[in-house]
Amino acid sequence: MRPIRMVDLKTQYDKIKSEVDEAIHEVMDTTSFINGPAVQKFQKNLEQYLGVKHVIPCANGTDALQVSMMALDLKPGDEVITVSFTFVATVEVIALLKLTPILVDVDPGTFNMDMDALKRAITPKTKAIVPVHLFGQCANMEDIMEIAKEHNLYVIEDACQSIGSDYTFSDGTKKKSGTIGHIGTTSFFPSKNLGCFGDGGAIFTNDDSLATRLRFIVNHGMHVRYYHEEIGVNSRLDSLQAAILDVKLKHLDEYAVARQNAAAAYDRAFADNPKLQTPVRSASSTHVFHQYTLVTKDIDRDKLLEHLQSKNIPCAIYYPVPMHLQKAYLDPRYKEGDLPVTEQLSRTVISLPMHSEMDDEQIGFIANALLDFVNSND
Ligand SMILES: Cc1ncc(COP(=O)(O)O)c(C=O)c1O
């Protein structure tokens, strides 16, 4: 059996090595390393894939979120509602810009923003909602967009984990994750479903004037060369990364299918086990399985992790401490117990190896090892 990895980038690279190497060498031959033709080509291809008017490439997913908030002219003290059950970047940029993160609970099945919690969190100071499409499945975007419209709020989708997933509205309209809100953001961190060989990210919007603004901000707020009309940042996707991403974009849907097949095999193995909750699929979104995350019940999770590690099965806890209980983000607004679903998930979830290169033998081995532990601890 091939060694089991949480993410197997090496096997994935080996399969597309000639395409990737050729693309890299092309950039090296042109020596156009920043904003070269490879960046424009990838940008256009991604716009087409997503069905969105504008893709603004940038340096990483964290910057994509930060630049989005800068472009919306959010001001210190403005409240931005997001979830506590997320990667730190979502909350970090809100705090960094001196906006106020308002953290709400999630649905215990999909792990995405809870709509009642969202409605309860809106105040006259609320300016934006940042739904996180956690683990590869879209939050309830139809309701979020309606609530946002009613209260005149911006929506920035954190689609860092969900690129390629489709959201279906009740009238049958389908849109790609990240293209529904006023702005969408993604990350091309190597382990992401569309990952480069370093850091990378992008911002999506259908709004022409926002797109112009976003392009200025990622490039030092520069409208005319060396004339800076507003404060910006240096956040660029380099040409080598764009060339690699352009190759991988062609494979993104097939990678999603491989991940979905692996998830279905895990589901079959764990079906009806009273101690394991398999990922709940939302009726309105496809799931591209950035992570396959189980909720454990009445199991010593540390011992389970030890057991899996002893069999060379890597696993991860996304996320062990919710944002409202992290030292850097402590706020008198929240105390332990305030977001019970999030806190319970942080104590009980476990993410299994998940990537485009999983094979049946590996999945069977992982499932058996996990079930051995679960069933022997009855
Ligand atoms: C939900 C979420 N938001 C934001 C980010 C930040 O992306 P990056 O690591 O590219 O800055 C990530 C990825 O790490 C993420 O998973």
Side-chain angles (χ1 to χ4, degrees), residues 6-7 61-62 64-65 80-94 101-118 121 129-144 155-167 176-181 184-187 189 191-195 201 256 259-260 263 266 277-296 315-326 329 339-352 354-355:
M6 200 61 197
V7 183
T62 309
L65 286 161
V80 177
I81 301 173
T82 190
V83 286
S84 183
F85 194 52
T86 181
F87 179 64
V88 65
T90 324
V91 179
E92 184 178 60
V93 295
I94 300 173
I102 301 294
L103 304 174
V104 300
D105 218 341
V106 292
D107 175 87
T110 62
F111 314 142
N112 279 328
M113 188 179 273
D114 178 273
M115 289 304 104
D116 290 329
L118 165 61
I129 308 169
V130 183
V132 179
H133 304 317
L134 203 72
F135 303 150
Q137 172 168 252
C138 295
N140 182 347
M141 286 307 292
E142 181 149 11
D143 285 3
I144 290 170
V155 176
I156 303 170
E157 294 175 75
D158 182 338
C160 286
Q161 302 189 1
S162 64
I163 194 157
S165 68
D166 291 308
Y167 185 83
K176 289 276 180 209
S177 102
T179 68
I180 303 163
T185 60
T186 205
S187 163
F189 186 80
S191 62
K192 294 289 192 264
N193 290 33
L194 180 60
R259 286 170 179 270
Q260 285 156 349
Y266 276 141
Q277 176 189 302
T278 54
V280 173
R281 303 333 188 246
S282 147
S284 45
S285 172
T286 59
H287 200 322
V288 292
F289 286 99
H290 176 55
Q291 300 296 342
Y292 183 91
T293 303
L294 293 167
V295 182
T296 61
C315 287
I317 306 301
Y318 303 120
Y319 296 95
V321 182
M323 288 308 127
H324 68 288
L325 301 180
Q326 293 278 356
Y329 299 100
L339 303 181
V341 177
T342 295
E343 291 169 30
Q344 177 68 3
L345 290 173
S346 290
R347 285 190 290 266
T348 55
V349 287
I350 178 169
S351 297
L352 304 185
M354 171 52 77
H355 49 78

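- For residues 278-289, every residue pair satisfying the salt bridge (Lys or Arg N to Asp or Glu O under 4.0 Å) rule, not counting sequence neighbours, is listed here: Asp267-Arg281.
- Expressed to the nearest 0.5 Å, how far CD1 of Ile129 lies from CG of Asp158 amounts to 14.0 Å.
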Practice prompt. For Thr293 and Ser351, run side-chain hydrogen bond (donor to acceptor under 3.5 Å, both in side chains): C-alpha distance rounded to whole Å, both residues' side-chain angles, the deciding distance at 0.1 Å, then the answer.
Written response: CA-CA 4 Å; Thr293 303; Ser351 297; 2.8 Å; yes
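- The closest side-chain heavy-atom distance from Val88 to Met323 is below 4.5 Å.
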Practice prompt. Check the pair Thr82 / Leu103 against side chain to side chain contact (heavy atoms under 4.5 Å, CB included), numbers first and verdict last.
Written response: CA-CA 5 Å; Thr82 190; Leu103 304 174; 3.6 Å; yes
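- At least one side-chain heavy atom of Leu134 sits under 4.5 Å from a side-chain heavy atom of Phe85.
- Tested against Thr342, the residues Val83, Asp114, Val106 include a single side chain to side chain contact (heavy atoms under 4.5 Å, CB included) partner, Val106.
- We find the CG-OG1 distance between Asp166 and Thr286 to be 4.5 Å, quoted to the nearest 0.5 Å.
- In this structure, the side chain of Thr296 does not engage the main chain of Val349 through any donor-acceptor pair within 3.5 Å.
- Rounding to the nearest 0.5 Å gives a distance of 10.0 Å between OG1 of Thr62 and CZ of Phe189.
- The closest donor-acceptor contact from the side chain of Gln326 to the backbone of Val321 lies under 3.5 Å.
- Between Asn112 and Asp107, the closest side-chain pair of non-hydrogen atoms is not below 4.5 Å.
- Between Met141 and Gly181, the shortest heavy-atom contact is CE-N, 4.1 Å.
- The two atoms that bring Ala139 and Ile144 nearest to each other are CB-CD1, 4.0 Å, heavy atoms only.
- For the pair Ile180/Glu157, a side-chain contact is recorded, criterion being any heavy-atom separation below 4.5 Å from C-beta on.
- The nearest pair of heavy atoms linking Ala256 to Val288 is CB-CG1, 4.1 Å.
- Side-chain contact check for Thr110 and Ser282: no donor-acceptor pair (N or O, by modelled atom type) lies under 3.5 Å.
- Residues satisfying the side chain to side chain contact (heavy atoms under 4.5 Å, CB included) criterion with Asn140, sequence neighbours excluded, are Met115, Glu142, Asp143, Tyr167.
- Within the 4.5 Å cutoff, side-chain heavy atoms of Pro340 are placed close to those of Asp105.
- Put simply, OH on Tyr292 and CD on Gln260 are 13.0 Å apart, with the number rounded to the nearest 0.5 Å.
- Results of the side chain to side chain donor-acceptor pair (under 3.5 Å) test with Asn193 over Gln161, His355, His290 single out His290 as the only residue that passes.
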Fill in: From CA spacing to verdict: ring pair (Phe, Tyr, Trp, His ring centres under 6.0 Å), Phe135, Phe111
CA-CA 9 Å; Phe135 303 150; Phe111 314 142; 5.7 Å; yes
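- Side-chain atoms of Tyr266 and Leu352, non-hydrogen and from C-beta on, do get closer than 4.5 Å to each other.
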Item to complete: Walk me through it: do Leu294 and Thr278 pass the test side chain to side chain contact (heavy atoms under 4.5 Å, CB included)?
Response: CA-CA 5 Å; Leu294 293 167; Thr278 54; 4.0 Å; yes
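- Ser84 places a side-chain N or O within 3.5 Å of a backbone atom of His324 that can act as its donor or acceptor partner.
- Taking each heavy atom of Cys138 and Ser285 in turn, the nearest pair found is N-OG, 2.9 Å.
- For the residue pair Ser177 / His133, no side-chain donor-acceptor distance below 3.5 Å is found, with atom types taken as modelled.
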Item to complete: Assess whether side chain to side chain contact (heavy atoms under 4.5 Å, CB included) is satisfied between Gln291 and Arg259, documenting all intermediate values.
Response: CA-CA 9 Å; Gln291 300 296 342; Arg259 286 170 179 270; over 6 Å; no
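- Residues Pro101 and Val91 have side chains in contact (heavy-atom distance under 4.5 Å, counting atoms from C-beta outward).
- With contacts defined as side-chain heavy-atom distances shorter than 4.5 Å, the pair Ser346/Pro322 qualifies.
- Closest approach of Ala121 to Val104, counting heavy atoms only: CB-CG1, 3.6 Å.
- Residue Leu65 comes nearest to Val93 through the heavy atom pair CB-CG2, 3.7 Å, listed as atom of the first residue, atom of the second, then distance.
- Considering NZ of Lys176 and OG of Ser165, their distance stands at 7.5 Å, rounded to 0.5 Å.
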